[in-house]
Amino acid sequence: MTEIENHDPFAVFRREAERALSAALVEVGVDDTEIVLEKPPKGMGDLGFPCFPLAKILKMTPNKIAEDIASKITPNGTIDGVEAKGGYVNFHVRFDMLAKATISTALAARERFGSGPSKGVKVLLEHTSVNPTGPMHIGRARNPIIGDTLARIMRLAGYDVLTEFYVNDVGRQVATMTWGVKNLTIGDAPNGGKGDHRFVPYYREAHKKCEEDPKVLEEVNALLYKLEHGDPESVELNRKTSETVLEGMMESLRRINIRIDGFTWESRFVENGSVDKVISKLRQSEYCHESDGAQHLELESFGITGRDTKWVFTRSDGTSLYTTRDLAYHLDKFSRSDVAINVLGEDQKLGMQQLAAALNIIGSDRRPEIVFYAFVSLPEGRMSTRKGTVVTLDDLMDEAVDMAYEEVRKRRSDLPEERMREIARTVGLGALRYNIARIQAEKQIVFKWEEALNFEGSSAPFLQYAHARACSILKKADSKPGPASADACARKLVNHHERELLKLVAAFPMVIGECAETRRPHALAAFTQDLAAQFNQFYRYVPVLKAEGDVIEARLALVEAARWTLRNALDCLGIDAPEEM
RNA sequence: GGGCGCGUGGCCUAGCUGGAUAUGGCACUUGCCUCCUAAGCAAGCGGUCAAGGGUUCGAAUCCCUUCGCGCCCGCCA
């Protein structure tokens, strides 16, 4: 067995179908068609080959072609049957072989089930990277959830993934906050002493003073200048305030199972001279222009349109701008990775287009891959700090856990208090992550409490419940299933519910691969929902512990395989899989 | 004014490299706990896939136009 087969039981069947098809296609007189296999609607087989594109070439009806092809394929290996239907050639998998391969790999691989072979590709995945000036709100929370989920999926799929947070410690916002911390005296901040909440009043007040008092603005500008020119005292103070806020934000993220591997401080690129290098390269380009001492690139010929096609990269005082430093950062990321992925809000689209043009101009052939997401708004509209309409991630998490606790108490008051709290945390925070992860990134989300805290239907608790039920069966079983049960599965799993469940388990590695390749984590949420639903049907209609003879062994093995699949899928989604709830 | 994205039953959503009866959930109606956890299962209700045109044997999917929503077009980050 090859590495791929070892991890993806369905792939063997797919390859055999492709091989059989290409042989049959040559026989009917087609030899250079790309073979695409689809998933037929249920009940029509396991893989389908559409013959419609061939109709023109062969001057026959798709139906006739499908029949011709089907008649030329003799089922063998993992192919159990081939039939022509509605212009498709449908392949049925040989269930016993699929079952054997699936169960033996799943129960041997366990927490690695679903993994693809190591790709030897270094991925640097930058996500979150918000300004360290205050607590994260739910609009921003979409970024770490998408980023972390994608990172987990890609790791399982076989990539070497490093996640990174780019800390903006030289910008105006942070400088304003630092000025406030240094010069203002303000009473206790809300939310105790948590780092990301602590300096918010200072930032607000300093910001207000900047707008009212030109002298304050001047001081902030002076601080900004000092920061950019590496004044040790200013840099130190700035770093300390940023770190404090950052630590608070990370504390919040850890609650939803998000840990970031590395932090890169923006000031580094100013200090190590790489920004200057970028600037001098840009200045040499034919696209560079100057006005009032500030320099910009004219990017119209790069397809950038709008009111202004200028891209300014130095201020008139010679200091760099965020985007200039971002350019240096990207060169740095490219030097450390094979693939650089950014998770960014859709407001960054133009900026990234400009960045790509600038990379072109300075002669880099690398580009970041970008996953853009639309913002989360409230039913009343956009979240606004000024109007006080923001919902912070901390508030949402607290509320989710509280709501979950009420539900746990309703259902499981038999459990000790501590255990109920633990389940509430798992369920509440899981529900929150799932609710954001399940939606495709480009789609706007209108935040509604009742939806975010829904614990039924398409929600994390639904998935967790299926997992808990599987655990419950296994706990009560006399024997523990292992890879050796694969033979029993091949012989004894005969009914519809068992087979459909097994097929979903078998498809898991393929799904992980697809989600990783397309960089679309939400597709995993949909799959996991299907898997849990299928498990719940199985649970309802197929008794495991009351089965007889070696049927019990087969079913236990299937439950164990489904349990690992659920667990691993939930793990990719960053959701804890409780053993009871 | 220009660019990018989104628009799928009352609400949320999958499908979007064209293909077989458009996926699930919420809500609503109705059944199912002497049987491994009812955060579950089953049945029902509900769709001109924003509108119009085009390409095609075939369009939710591709192209054009229009409408609606979001985001952007700073010597901010």
Side-chain angles (χ1 to χ4, degrees), chain A residues 36 38 40-41 44 48 50-53 55-56 61-62 85-88 90 129-131 133 168 170-174 266 291-296 303-310 312-317 319 321-323 325-326 345-351 353-354 372-375 377 382 404 407-408 410-412 427 431 435 438-446 448 450-451 454-466 468-477 522-523 525-527 529-530 532-533 535-537 539-547 555 559 580-581:
Chain A
V36 275
E38 301 173 7
M44 297 202 215
C51 298
F52 306 95
K56 217 173 244 172
T61 65
K85 202 170 190 180
Y88 283 86
N90 288 336
S129 300
V130 291
N131 282 344
T133 50
N168 170 10
V170 292
R172 180 171 297 277
Q173 282 191 32
V174 182
E266 197 175 332
S291 57
D292 302 324
Q295 285 160 320
H296 69 268
I304 288 165
T305 55
R307 293 194 184 101
D308 199 347
T309 54
K310 280 199 195 77
V312 179
F313 65 91
T314 62
R315 296 194 181 91
S316 35
D317 65 1
T319 57
L321 284 95
Y322 170 82
T323 24
R325 300 185 292 266
D326 203 24
E346 60 175 341
D347 55 340
Q348 308 288 318
K349 278 185 188 173
L350 178 61
Q353 221 184 321
Q354 291 166 330
F372 287 111
Y373 64 91
F375 291 111
S377 62
R382 205 175 168 168
E407 296 300 317
V408 177
K410 262 188 243 167
R411 299 161 216 264
R412 299 303 306 269
V427 165
N435 236 281
R438 62 187 254 267
I439 311 239
Q440 118 188 45
E442 312 79 70
K443 220 142 179 166
Q444 301 150 218
I445 297 180
V446 177
K448 299 193 184 91
E450 64 271 28
E451 279 172 19
N454 166 36
F455 299 147
E456 285 170 4
S458 184
S459 70
F462 178 87
L463 315 178
Q464 292 169 318
Y465 190 60
R469 281 177 144 182
C471 290
S472 173
I473 292 174
L474 291 161
K475 201 155 68 182
K476 287 178 181 156
H522 78 276
F527 169 84
Q529 160 75 28
D530 287 347
F535 182 83
N536 279 329
Q537 283 172 41
Y539 184 91
R540 163 69 179 78
Y541 291 104
V542 185
V544 176
L545 299 176
K546 284 183 181 158
R555 289 182 181 166
V559 170
E580 63 176 347
M581 62 186 274

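Convention: sequence-line order gives letters A, B, ...; per-chain numbering from 1.
- The partner of B/G18, taking Watson-Crick or G-U wobble pairs whose two distances both stay under 3.5 Å, does not exist in any strand shown.
- With hydrogens and angles ignored, the 3.5 Å screen pairs a side-chain donor or acceptor of A/Thr314 with a backbone N or O of A/Gln295.
- Residue A/Arg382 places at least one side-chain N or O under 4.0 Å from the OP1 or OP2 atom of B/C71.
- Distance noted for atom C1' between B/U61 and B/C41: 34 Å (whole Å).
- In a base pair of the Watson-Crick type (N1 to N3 plus N6-O4 or O6-N4) or a G-U wobble (N1-O2 and O6-N3), with each distance short of 3.5 Å, B/U29 is matched with B/A43.
- At the phosphate of B/G74, neither OP1 nor OP2 sits under 4.0 Å from any side-chain N or O atom of A/Lys310.
- The aromatic ring centroids of A/Phe52 and A/Tyr88 lie less than 6.0 Å from each other.
- Judged by distance alone, the side chain of A/Asn454 and the main-chain N or O of A/Glu456 form a donor-acceptor pair under 3.5 Å.
- Contact between the side-chain N/O atoms of A/Gln295 and the OP1/OP2 oxygens of B/C75 is not found at any separation under 4.0 Å.
- If you check the side chains of A/Asn131 and A/Thr133, you find no donor sitting under 3.5 Å from an acceptor.
- Contact annotation: A/Arg411 side-chain N/O to B/A39 OP1/OP2 distance is under 4.0 Å.
- Comparing the same atom, C1', in B/G5 and in B/A43 gives a spacing of 40 Å after rounding to whole Å.
- Nucleotide B/C35 is shown with an anti base, its glycosidic torsion being more than 90° from 0.
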* Begin from the C-alpha positions of A/Arg438 and A/Asn435 and carry the test side-chain contact (heavy atoms from CB on, under 4.5 Å) through to its verdict. => CA-CA 6 Å; A/Arg438 62 187 254 267; A/Asn435 236 281; 3.1 Å; yes
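- Taking atom C1' on both B/G52 and B/U13, the two are 26 Å apart, rounded to the nearest angstrom.
- Atom name C1', nucleotides B/C49 and B/C6: the rounded distance is 14 Å, in whole Å.
- As a whole-Å value, the separation of A/Leu350 CG from B/G3 C1' is 8 Å.
- As rounded to whole Å, 10 Å separates atom C1' of B/C35 from atom OH of A/Tyr539.
- Rounded to whole Å, atom P of B/C41 lies 7 Å from atom CD of A/Gln537.
- An OP1 or OP2 oxygen of B/U13 is reached within less than 4.0 angstrom by no side-chain nitrogen or oxygen of A/Lys443.
- Atom name C1', nucleotides B/C16 and B/A59: the rounded distance is 11 Å, in whole Å.
- Put simply, A/Phe52 does not rest on the base of B/G58: the two rings are not both less than 5.5 Å apart at their centres and under 30° in tilt.
- Contact annotation: A/His522 side-chain N/O to B/G15 OP1/OP2 distance is under 4.0 Å.
- Regarding A/Glu451, its CD atom lies at a distance of 5 Å from the C1' atom of B/C12, rounded to whole Å.
- Atom-to-atom, CD of A/Gln440 to P of B/A14 comes out at 5 Å; the value is rounded to the nearest Å.
- B/C4 and B/G40: their C1' atoms are spaced 43 Å apart (whole Å).
- OP1 and OP2 of B/G74 both lie 4.0 Å or more from every side-chain N or O belonging to A/Arg307.
- Taking the six-membered ring where the residue is Trp, A/Phe535 and A/Tyr539 present tilted rings, their angle falling between 30° and 60°.
- Note on A/Arg469: a side-chain N or O is less than 4.0 Å away from OP1 or OP2 of B/A38.
- Using a 4.0 Å heavy-atom distance criterion, A/Val36 is classed as making no nucleic acid contact.
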